[in-house]
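Down below is the structure, laid out as structure tokens.
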Amino acid sequence: MPIQYYIYLCLALFSIGVTGVLTRRNAIVVFMCIELMLNAVNLLLVAFSKMFHGLALASDATTTVGIEGQVFVFFIMVVAAAEVSVGLAIIVMMYRNTHSVDINFLNRLKN
Amino acid sequence: MKVIIGFIVLWPLVGFLFNGLGRHFWSKKVVAYKATGYVVASFIASIFAFVQVQNQGAVSVHYFDFINTAHFKIPFDLKVDALSSLFLLVITGVGSLIHLYSTAYMKQESSSDYARYFSYLNLFIFSMLILVLGDNFVIMFIGWEGVGLCSYLLIGYWFTNTHFNYAAKKAFIMNRIGDLGFLLAIFWLIAKLGTVSYSEVFTAESIAKLSTTDITAITLLLFVGAMGKSAQIPLYTWLPDAMAGPTPVSALIHAATMVTAGIYMITRSHLLFSHSEMTQNLVAVIGISTALLGATIALKQNDIKKVLAYSTVSQLGYMFLGLGVGAYSGAVFHVITHAFFKALLFLGAGSVIHAMHHEQDIQKMGGLKSKLPITHLTFLIGCIAIAGIPPFSGFFSKDEILAAAYAKNPVYWFLAILGSAMTAFYMFRLYATTFLGKFRGTTEQDHHLHESPLAMTLPLIVLAVLSAIAGAIGIPEIMGGHHWIGQQLSSIVGAAKETTLTHTIEWALMGTSTMLALLACLFAINKYRQKADGEPTTPLGKLLFHKWYVDEFYDTLIVKPLNNFAGFLKNSIEKKVIDGAVNGTGKIVQYSARQLRLIQNGQVGYYILFMVFSIVLLLILWFNDTIILRFYYSLIK
Amino acid sequence: MSILQILFFALSAFAIVSAIMVLISKNPIHSVLWLILVFFAISGHYILLNAQFLAIVNIIVYAGAIMVLFLFVIMLINIKKDSEPQKQFLVKLLGVLAGGSFLTLLVALIKQTAQIEGRQLLMKDGVIGLIHPLGKVLFTDYVIPFEISSVLFLSAMVGAVIIGKK
Amino acid sequence: MNAIIVSALLGVIMMFSSWCVKGERTQKTIALIGLFVLIVANLAQMNGWYVVNYDTKSMLTFSRFGLYANTLFFGLTFIYIWINGEEISKIGNHAADFYALFFFMLCGVSVLTSFDNLLMLFIGIEILSIPLYILTGSDKKSLFSNEAAIKYFLMGSFSTGILLLGITLIYGATGSFHLTIPQAGVKYEQFMTSAGLILIFAAMNFKVSAAPFHFWTPDVYDGAPTVFTSFMATIAKAAGFIAFITIFQTQYKALGYSWGLILPFVIISTLLVGNVTAVFQRSVKRMLAYSSIAQAGFMLFALYGTSTLANEGILLYMVVYSLASIGVFAVLIKMKENSIEAFHGLGKSHPLLAFLTTVFLCSLAGIPITGGFFAKYYMINSILLAGAGLWLVIVAMVFATISVYYYFKVIQAMYFVEGHPAIMELDKTYTYKLSVIAILLLILGVFPSLLFNYLYF
Amino acid sequence: MLLLFILIPLLTAMLLLFVKNNKMANNIAVLTTIVTLGLAIFVAYKGAVDYNQPWILILNTRFLLHADGLAKILILLTGISFPAIIIATTQNQPKQKNIFLSLLLFTQSGLMGVFLAGDALLFYFFWELALIPVYFLSSIWGGEKRVAVTFKFFIYTFLGSLLMLVGIILLYIHTSEQNFLISTLMHASLTPVQQATAFVLFFLAFAIKMPLFPFHTWQPDAYEQSPTAVTMVLSAVMVKMGLYGVIRWLLPLFPLAAKTNALFIVSLSIVGVLYASFIAIRQDDIKRLIAYSSIAHIGLMNAALFTQNQIGLQGVLIQLFSHGINVLGLWIVADIIEQQTGIRSMKQMGGLAKAQPTLAILLVGFALANIALPLTNAFVGEFLIFNSLFQFNIWAAAFAGVSVVLSAIYTLNMIQKVAYGELSTPMQAMNTPNKNAQIVLIILLVIVFVTGVFPQPLFNLTADSLQQIIIK
């Protein structure tokens, strides 16, 4: 399978995430779209990892080339989890104070 | 010699410092003695110097280097030669007399003002001495500006009077315009020759180095300088106004000495002038024009000093005519005689004014003959001298110029003789209105009329004698004289040119001028012995009375436009354009600040939108547009 | 068309459709659910790529833990279905435009990249996605990032405490 | 390595001290001692002494430059906490937790100064960012703080996504997460590498608040508690710069000539937005936020080329800018309100404090005998040395002039406007602490090389 | 030795911050400045060894202080100006005088540094250093619109100096030895475009500082609004920084560019001279009048510099000193009048000669020097300046020469309005100025005339630098 397919897929998912960030006002949904972006990246990393692995495998049967991509994905998940905990805490805090999760609701800081 | 010359110059300076610094401490008496004494001392030293020059010829002494750089040197040298020694005598001699005169004339002033007056006067003498003694143009220029300054200070001596101040300012500024010409001439010399010393400039080699253009330009510029200082058209209007100063000042500065500086300067640099036909012609034309202009205006003036002032302008015109036609020694001769008789006239006028309690309008005088006998007599001698009636001094000096003018161009002579007649007329009009007939002033003035004290009459007498006999130093050869002054100056200006005129013509010329002058005198005395000249009624009379409206003309054509221009620069250009541009920049920044901050609208959505677009923009910038076009092309394909 | 390709396209279509649904669902809860479906699709891809460990972790961590957390928060703050105010149409359009141009541009660039021209990727085979090699690498070569990410967790923990404590 | 380990441990210690040790002063003292230990540990590594000598598998490389930067960061943090300790305690009752977060952030900073792998970059940035989100929102009752936190968090996460996509693209192109110097003269079109670099560039710009990715900065700096703004704007940002430089000093060559287009674009827009917008601000805090953007514009100069001058310059700039900002923010903390009116008449009522503020502001403006001058000088010199267009420098100078305008507005308010400053009670020691900063700035203003001599021995 | 010029004022300035007693502060300041003056005289006639220390190693910049003729004459001027200013304004009692004096001394330190620096970076450093205290001095103690006006001045000059900094660095990075010494920078290998750019960058900085038309608009406002002591510093010494910069840096570093642009710059300067003179004619405010007169004089000097003629250069070297002294005298007189009557409008003045004859005489003395009357110091300089202009271009000299007349007009206007005429009501308030000011004025006037009659010592002083500058 050509790598381009995966690239396009992931870019599409990523862009959908971006678009979601831009079009939604609910902080939680925006945050979910960011998670979607991260996942698109994850998939792309794995795809690349397999690409390099396949290339290396041709010359060396026991190679582990490409594994770093998957390790990276692991770390992204780790970080995402940490981020989610903090992010949701912030959103909840905001909700406590304003009873809203609308990102446009708080816009006193401007100009 | 160094010491003598030093003394000549330093005494007046000492006097200036002494009186200027100690004006609150010394009594009037001390001031008067000191001031006069210093000038007299200077006079005595001048005599020594004169004698030395007679015996040894010109002497140049070096004191110190005024400017001495790697490329350029102006020494502070003073030089006494035949020309300057003559001037020295006149300056210090007449100067001493006028100092003496002033001691009495200025008696009413408070003691510090009195000291101030004398310090200025001393400073003037000092400057004038520097002017004539300087051995190069720069030193001369120092004196040149110095006398201008003193003139300014003395005209504005009564500084509380605004009109006097304006007169003083006018004098200084007009002089400055002339000085600019002089300066440029000096620069031109430096640029071409690298030196300004007379001894190096006035050599054949130097002259050879200069092209005709150079010489013409330099002489023209020098002449502009002379115009300013010696009140020639078009820079003459300051001189009549300068009569605002105390009368002795008018006598010393604005008649006898300072105004003749231009003649001195041109005589000094006659070598250059004689190489430029054009300049010479111009000098002559300007000279004769000024002479006529001054004379015509003087015809209708009623202020005793104004008449004398315009007469001075006119006489200076004659001197320039003389210079223009190459009669350098004639011009100098006239300077000397003019110094005597014009100083005499002014001092006489001063005596009259003194007696009349500062009344200067001749219409309010008359019949002073009996009340002021000495003044009257001396004044009359002055009038005769200036009118050019033999054997008084004015005749000889004027005659020499006239003769040279005739030799050059009879038209000059004709115009000059016309002017000469007018001179005789207005002088005797003045004399007659003032001294003859009956008194027209107030009774109070009448009551107080008195002859002036000895300190004032003594100078009058001395000057009257000199006016009468000074012609002796220049009796022309046809009258059997030796023309002593011509010989004196021959070392400077070369031997007088062989006149092409026959003796007959010379006699005829003399006769004509004398006749005309005499006729004019008699006519004037006849006309004005009983009544004064009222307000003029004829158009010409009005025109002359208002001095040809030259002042008004200058005012509307030069002064006002310049003033308006300055105002325009100040109020429009400076404020709106230049400062506006600077402040405008600031305003633009402020404005863009106000606009730019609106981008920051406080909404996260917008922020991220901007960020995404920015990334897109970065990508586009990075990969440049061709790649994107290629992509779309590939899509179509 | 091999079975792999069919699976690929099916999963891809599923992922994209679900992702779009995340965007257009009005109700946040629906968004969460759609997002979980996206994650499942992605996990499917991982399996296709024989990245078994990641597939499992993705399900457990993302779909299982994180998304449940989201759901939980949404429930907690009890947002009404239609209470979310919508953005203006123009803003939405701009958003789509931005996302779209971002995609177009990147695709344009990738399409012309010679670096990956003709590269295939290994499906189904390969051992690197298995838990054993991954674990080995993680605790040898990647032990430093592994340890350091603990700091990340610590700080997130402290942060959650600071923010969350009343 | 020492620094990473010790700072992580210290963070844990501080965490526990929050319930073992009572009294905020004690906690501050522990934190300061901890920082001292940290500095010592870091210096020890510079001199070849390790806690553990572990093969990092080329995840991290410890260069003298990076380690020295670490030392400087720790030193700055020391000063920061020394001055602001009491203020930190006032926000909520989590002083020890905040200190723990600072130590964790310093761990992140240490990673950022020594990473050799994009994975470490990512982790480092996250370790630095997540505590910052928390600190921003730490004033839980304040709506401003909430708003700032949510904005910062959402945008930060978004930029993380961008960063990751960039890293991925680079990985896809090169097959490695290592920073390798790209070979010159590559035949094929490396668009993927370049696209990845651009995305990383954008994300890093976000972290250092360079325009047009600066939007979070004013709002977050404004909304966050001032004392944390101070940290965010100084040490956190500077660490971002070190990372930024580490990547791009080697990688920019992959971008070819376009680098000369893209970087000036960012620099100019950063300078423009920062300086010009700051002109109109009434709130000093917000003005400082914009000025911090503007300063980032100058620091970006260091990216232009690799040279010792650029490296030294960025160190000097960081230190000087951070010191001055810490100082100004420390004064601002003591103000009852942030508006410029609060400063009216400060020169009369608190002459020394006003003078110190003047020194800080002059330093920010880059006026000689304060360190700011040489900071700017190094930047200009390095960029000209790197062959940038003269026009860029001249434009930058024009903006620097504008910056003088708004910095001096504050000075004018302090000295030339009559009024009563809205300032809280000050104890003398606070002013004296600030004067230490001022003295440091002045020393660096005359002998900037004091800072670098240690780099070379 | 040379370091003392910077250190003495600097340390005293710091000391003064802690001296609360005004009288004592004043005495200390006077004493210090007089010591500095003594030192300046000593150095001027005995010379001094360069102070040369490495400064910032990596940049290879050196803390090099070097006193050649140009520097000597300017430190002499600075040395004379400061005690004169401080003594003459003793009677003015600004609030917090110790700080006022302290800032003044900081300025002096900066100025000395500017004139002595032999290293471009050091030069720049002091260049700015001299500016900062002035900003505070004017803003705190100035007139009504002081803040805005001073700010404009500050920003304007700051922009100029930043541009110069760019120029310095541009030269620096193109040198082979990589240091900032003037001898090194001279040999920087620049392309013609770079040289032209660097020239413009330097020139702008100096032109703003001088100030040259049309960059001058900060000056009259600043002079008007600053406290007089500061105005004196500004006009007597600080504006010389611009000219000094041209002589020391611009001409030697960019001989070609200077030559190419000479005609343009000379014309610009002369236009400025006439422009400023015309505006001065219409000024009613005595301070603004002196300000515009100063612009005119400075423009003239600048024009002479760009003729690149040795005579002109020599003239400027003398004139730098003379103009400082003259303008100082004028300011002191103006200050005395303003302090005692509270007016600056010349329309309301008049009769000073009646009220205070001595002061009037002094005023006239300085005014005459201002119009470069022979035997005053200004004549010597302007004579040489005009000379060089004449050799450069006859028309340049002719047009510039018009300013001789114009300067007479505005100066005499001033004398007439201030000193002469009937005693005006405000002037009746005039008391005898205090002894200190009088003594200072008299000493200055003596300097005016002594250097006007015997300028040779000044020529000797500057002879060596003349050689150096022309060699390039």
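Throughout, protein chains are lettered first and strands after them, A, B, ... in sequence-line order, and every chain is numbered starting at 1.
- Of the atoms belonging to Q4(A), it is side-chain heavy atoms, and not backbone ones, that fall under 4.5 Å from chain C.
- Per-residue heavy-atom pair counts under 4.5 Å with chain C were compared for G87(A), G17(A), A47(A), S100(A), and the maximum is reached by A47(A).
- Contacts between V86(A) and chain C at a heavy-atom distance below 4.5 Å involve the side chain alone, from C-beta outward.
- For V38(C), the part lying under 4.5 angstrom from a heavy atom of chain A is the side chain only.
- Residues of residues 138-148 of chain C lying within less than 4.5 angstrom of chain A, judged on heavy atoms, are L138(C), Y142(C), P145(C), F146(C) in numerical order.
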Checklist entry - Can you check side chain to side chain contact (heavy atoms under 4.5 Å, CB included) on F153(C) and M157(C), steps first, answer last? => result CA-CA 6 Å; F153(C) 270 103; M157(C) 196 174 86; over 6 Å; no
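- Contact annotation for I16(A): both backbone and side-chain heavy atoms come within less than 4.5 Å of a heavy atom of chain C.
- In this structure a side-chain-to-backbone donor-acceptor pair under 3.5 Å is missing from S49(A) to G69(A).
- Both the backbone and the side chain of I3(A) come within contact range of chain C, with heavy atoms under 4.5 Å apart.
- Ring pair F31(A)/F70(C): centre-to-centre distance below 6.0 Å.
- Only the side chain of F75(A) comes within contact range of chain C, judged by heavy atoms closer than 4.5 Å.
- For a residue to count as touching a neighbouring chain, one of its non-hydrogen atoms must lie under 4.5 Å from one of that chain's; by this rule L93(C) does not touch chain A.
- Side-chain contact annotation: Q5(C) with Y5(A), donor-acceptor N/O pair under 3.5 Å absent.
- With a 4.5 angstrom heavy-atom cutoff, I7(A) touches chain C only via side-chain atoms.
- For L35(C), the part lying under 4.5 angstrom from a heavy atom of chain A is the side chain only.
- Among V18(A), I91(A), V78(A), L57(A), the residue making the largest number of heavy-atom pairs under 4.5 Å with chain C is V78(A).
- For a residue to count as touching a neighbouring chain, one of its non-hydrogen atoms must lie under 4.5 Å from one of that chain's; by this rule M32(A) touches chain C with backbone and side chain alike.
- For a residue to count as touching a neighbouring chain, one of its non-hydrogen atoms must lie under 4.5 Å from one of that chain's; by this rule V65(A) touches chain C with the backbone only.
- Using a 4.5 Å cut-off between heavy atoms, L38(A) touches chain C through its side chain atoms alone.
- In this structure, the portions of I67(A) lying under 4.5 Å from any heavy atom of chain C include both its backbone and its side chain.
- A distance-only check finds a donor-acceptor pair linking the side chain of R24(A) to the backbone of L23(C) [under 3.5 Å].
- Top candidate by heavy-atom pairs under 4.5 Å with chain C, chosen from V73(A), V84(A), L9(A), is L9(A).
- No side-chain donor-acceptor contact under 3.5 Å links T63(A) to the backbone of D60(A).
- Contacts of V92(A) with chain C are made by side-chain atoms alone, with heavy-atom separations under 4.5 Å and no backbone atom involved.
- Both the backbone and the side chain of E68(A) come within less than 4.5 Å of a heavy atom in chain C.
- Of the atoms belonging to F14(A), it is side-chain heavy atoms, and not backbone ones, that fall under 4.5 Å from chain C.
- Between F74(A) and F53(C), the two ring planes are tilted [angle within 30° to 60°].
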